[in-house]
Amino acid sequence: MGGRQSRADADSADSAVLSALPWSLRASRYQRRVKQLADEVCTSPRDESLEVTLKRCIAFCYDVTVDWAPFVRVTVFADNVYHSMLMCFGEPHDLREQVKCKAVPGTDVQDGLVKPSVFWTRKIPGRSLPFRALAHALLGFFVDLEDADPRKQLLVNILLQMHEACYNCVGRHKEVFEYCVYDLLDAERRPDGRPVPSDRQQAMALVRQHAEIFLDKHKRNALHAAYLSPLKYLFQDIYEIFENLDSHGASFWVAMLKTFFPDLDMPFEDIEQLDIGWAWGAIDFLPMTSHGSAKLALQRFSDPANLSLDWRTVTRDLPRNSPRFEGFGALGAPYLGRFRGLPFRPGPAGFQEALRRIRQQPAMQKAFLPYVERFTSFFQPSILLQRWTFFALSSDRWVGELGPALQRLRADPAPSAVAPEAVEALREELCSVDGEVNVDVALSLLGLAEVPWVPESVASLALGEAKRTR
């Protein structure tokens, strides 16, 4: 009887973990924009070729003429920017070239030659075009802006990162592409200096857009706090693992979460079919954090107040605490850090087998449930509302856009203009000088904008209050 009750309690706890991420929190503005970008390149391809777009980008970033762009040289890895990037994109017209570079062990250029990357040559899911068409569209958006437009300066960093990734691996291409989409989303937002929303519907749309941006940011912060930051702290002195966590580590942990939440959209690219380095982040690290400074570090990473803080900031007063082990497995995962029963076969086939076992084997699901709970714990309604409030109040658009939009929503009838004093009063109402958030006000404001996840937050908060008063 006692054993059956214990199993029932365990099942109930497992169910609570899995229900902690309601459907309304599973959408992603990032993923929706990537799908839209794919639609755009299929229905309205650019008039100019990738070669011409790339020449224009290089000309802007290096302050040369378009004719001189193919001859721009730098001293990092390979000196020719144009041919290196075209080769890496797998552009057919450039495959006749042989682009030599510095050999970098453990990367796609370990033999001293730049090669087409499978990240760019694969097909866009459900489309006939190669993935490089999305890079073409991204580069084209920024290079088409007027030179005086401050958003065009983002192109300099985009080109630099895409070029650097040519001498790395698929995980780095994934990471760079994600940053490019974040830049695109930011650049597409209405430029500063425009009039604030003039009616209720416009105000609602602006607040919902900001809430979407927040949710993607919160998901990224939660992934880091749950998995990547603890691993970075533990393995900060082990280069092979540390340097692969933001790319391959994120790839593994996002894929693991999707075995429990198949409809979860995260603001990251899926490279399950390509990832040969997934095991760098597939480490059972919780047993390593049971004592000492590692235990204290994990407690800090688990504190919602530290979300969005870099792992070094959170642990700057703690000693370095790399775990000791005798050697590395086939893919670099420490022997002592392996999940029992999880295969570490090299390449995408091994990755898919590992995910299949997590998805289908109860023992593997049980082993990963504490890790799932680390992620879902950051999505409690009170935490979401507090973090949204901090995100909103720290936004550079609070004074000119977001604050007036929220103030317009709560006024009945809506005023023709919102005074700066009213926006400042709303700031003080939302959050005290001591950082205490008025959750009820935040919930009311988001409810007025009909943000999708608010009804479930209301229900969860009500349920929690009812339990406390029993």
Side-chain angles (χ1 to χ4, degrees), residues 37 41 45-122 129-147 149-184 187 243 246-247 269:
L37 194 64
V41 300
R46 289 182 62 81
D47 293 332
E48 64 184 18
S49 66
L50 176 57
E51 293 98 319
V52 173
T53 300
L54 187 56
K55 287 177 184 177
R56 293 174 59 209
C57 292
I58 294 171
F60 173 78
C61 294
Y62 289 92
D63 195 22
V64 297
T65 65
V66 171
D67 290 339
W68 189 252
F71 308 104
V72 169
R73 298 180 179 276
V74 295
T75 57
V76 179
F77 297 115
D79 59 1
N80 189 284
V81 179
Y82 175 76
H83 291 294
S84 294
M85 292 185 67
L86 279 183
M87 176 61 72
C88 194
F89 283 141
E91 182 62 19
H93 296 102
D94 209 63
L95 296 183
R96 298 185 301 271
E97 300 283 341
Q98 187 178 73
V99 183
K100 296 182 179 180
C101 65
K102 176 183 177 182
V104 183
T107 70
D108 293 344
V109 297
Q110 58 187 353
D111 60 355
L113 292 174
V114 179
K115 300 181 181 65
S117 171
V118 291
F119 184 85
W120 299 117
T121 59
R122 62 180 169 144
L129 290 175
F131 209 80
R132 64 174 172 269
L134 301 185
H136 188 187
L138 282 164
L139 292 171
F141 171 87
F142 285 100
V143 79
D144 285 347
L145 296 173
E146 296 293 332
D147 286 358
D149 191 324
R151 296 175 298 170
K152 193 167 185 175
Q153 293 303 317
L154 291 169
L155 180 60
V156 177
N157 187 55
I158 288 172
L159 193 75
L160 179 67
Q161 298 239 28
M162 282 187 170
H163 181 215
E164 178 270 332
C166 294
Y167 317 110
N168 210 302
C169 65
V170 67
R172 179 58 179 156
H173 288 295
K174 162 193 176 296
E175 195 178 0
V176 169
F177 180 75
E178 291 162 0
Y179 289 140
C180 291
V181 176
Y182 302 153
D183 283 343
L184 176 67
E243 286 299 311
D246 283 323
S247 52
E269 281 303 302

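It should be emphasised that the depicted structure is a prediction, and the values quoted were computed from it without experimental measurement. The figures that follow rest on heavy atoms only: side chains count, while hydrogens, waters and symmetry mates do not.
- In this structure, F89 and P130 have side chains that are not in contact, with every pair of non-hydrogen atoms separated by 4.5 Å or more.
- Under the 30°/60° scheme for interplanar angles, the aromatic rings of W68 and F71 are found to be tilted.
- Looking at L138 and I158, their side chains never come closer than 4.5 Å, going by heavy atoms from C-beta outward.
- Under the 4.5 Å side-chain criterion, counting only non-hydrogen atoms from C-beta, R73 is not in contact with V81.
- Contacts of D147 classified as side chain to side chain donor-acceptor pair (under 3.5 Å), with partners at least two apart in sequence or in another chain: K152.
- Considering only residues two or more places apart in sequence or on other chains, E175 meets the salt bridge (charged side-chain N to carboxylate O under 4.0 Å, His left out) condition with R172.
- Between K174 and D246, the shortest heavy-atom distance links the atoms NZ-O, 4.4 Å.
- The shortest non-hydrogen separation linking T121 to G90 is CG2-CA, 3.9 Å.
- Here the side chain of E178 pairs a donor or acceptor atom with the backbone of E269 at under 3.5 angstrom.
- Side-chain atoms of V99 and H83, non-hydrogen and from C-beta on, do get closer than 4.5 Å to each other.
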Item to check | Test side-chain contact (heavy atoms from CB on, under 4.5 Å) applied to D108 and K115, step by step | outcome: CA-CA 7 Å; D108 293 344; K115 300 181 181 65; 5.5 Å; no
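- Using modelled atom types, one side-chain atom of H173 and one backbone atom of A165 make a donor-acceptor pair closer than 3.5 Å.
- Applying the ring pair (Phe, Tyr, Trp, His ring centres under 6.0 Å) criterion to F131, with sequence neighbours excluded, gives F119, F177.
- A 4.5 Å side-chain heavy-atom check between L159 and I58 finds at least one atom pair inside the cut-off.
- In this structure the side chain of E51 reaches within 4.5 angstrom of the side chain of L86, judged on heavy atoms.
- Nearest heavy atom pair, residue L139 against residue M162, reads CD2-SD, 4.0 Å.
- The two residues Y167 and V114 make their nearest non-hydrogen contact at CE2-CG2, 3.6 Å.
- Here S84 contributes atom OG and K100 contributes atom NZ; the two are 13.0 Å apart, rounded to the nearest 0.5 Å.
- Qualifying side chain to side chain donor-acceptor pair (under 3.5 Å) partners for E48, counting only residues two or more places apart in sequence or in other chains: R46, T53, R56.
- Listed by chain and number, the residues in a ring pair (Phe, Tyr, Trp, His ring centres under 6.0 Å) with Y182 are Y30 (sequence neighbours excluded).
- Minimum heavy-atom separation, D149 to L145: OD2-CD2, 4.0 Å.
- Residue C88 comes nearest to C166 through the heavy atom pair CB-SG, 3.5 Å, listed as atom of the first residue, atom of the second, then distance.
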Item to check | Full working for side-chain contact (heavy atoms from CB on, under 4.5 Å) between F142 and Q153 | outcome: CA-CA 8 Å; F142 285 100; Q153 293 303 317; over 6 Å; no
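- In this structure, the side chain of N80 engages the main chain of P70 through a donor-acceptor pair within 3.5 Å.
- Between C57 and L155 the shortest side-chain heavy-atom distance falls below 4.5 Å.
- Within the structure, the salt bridge (charged side-chain N to carboxylate O under 4.0 Å, His left out) test picks out the following pairs touching residues 131-140 (sequence neighbours left out): E91-R132.
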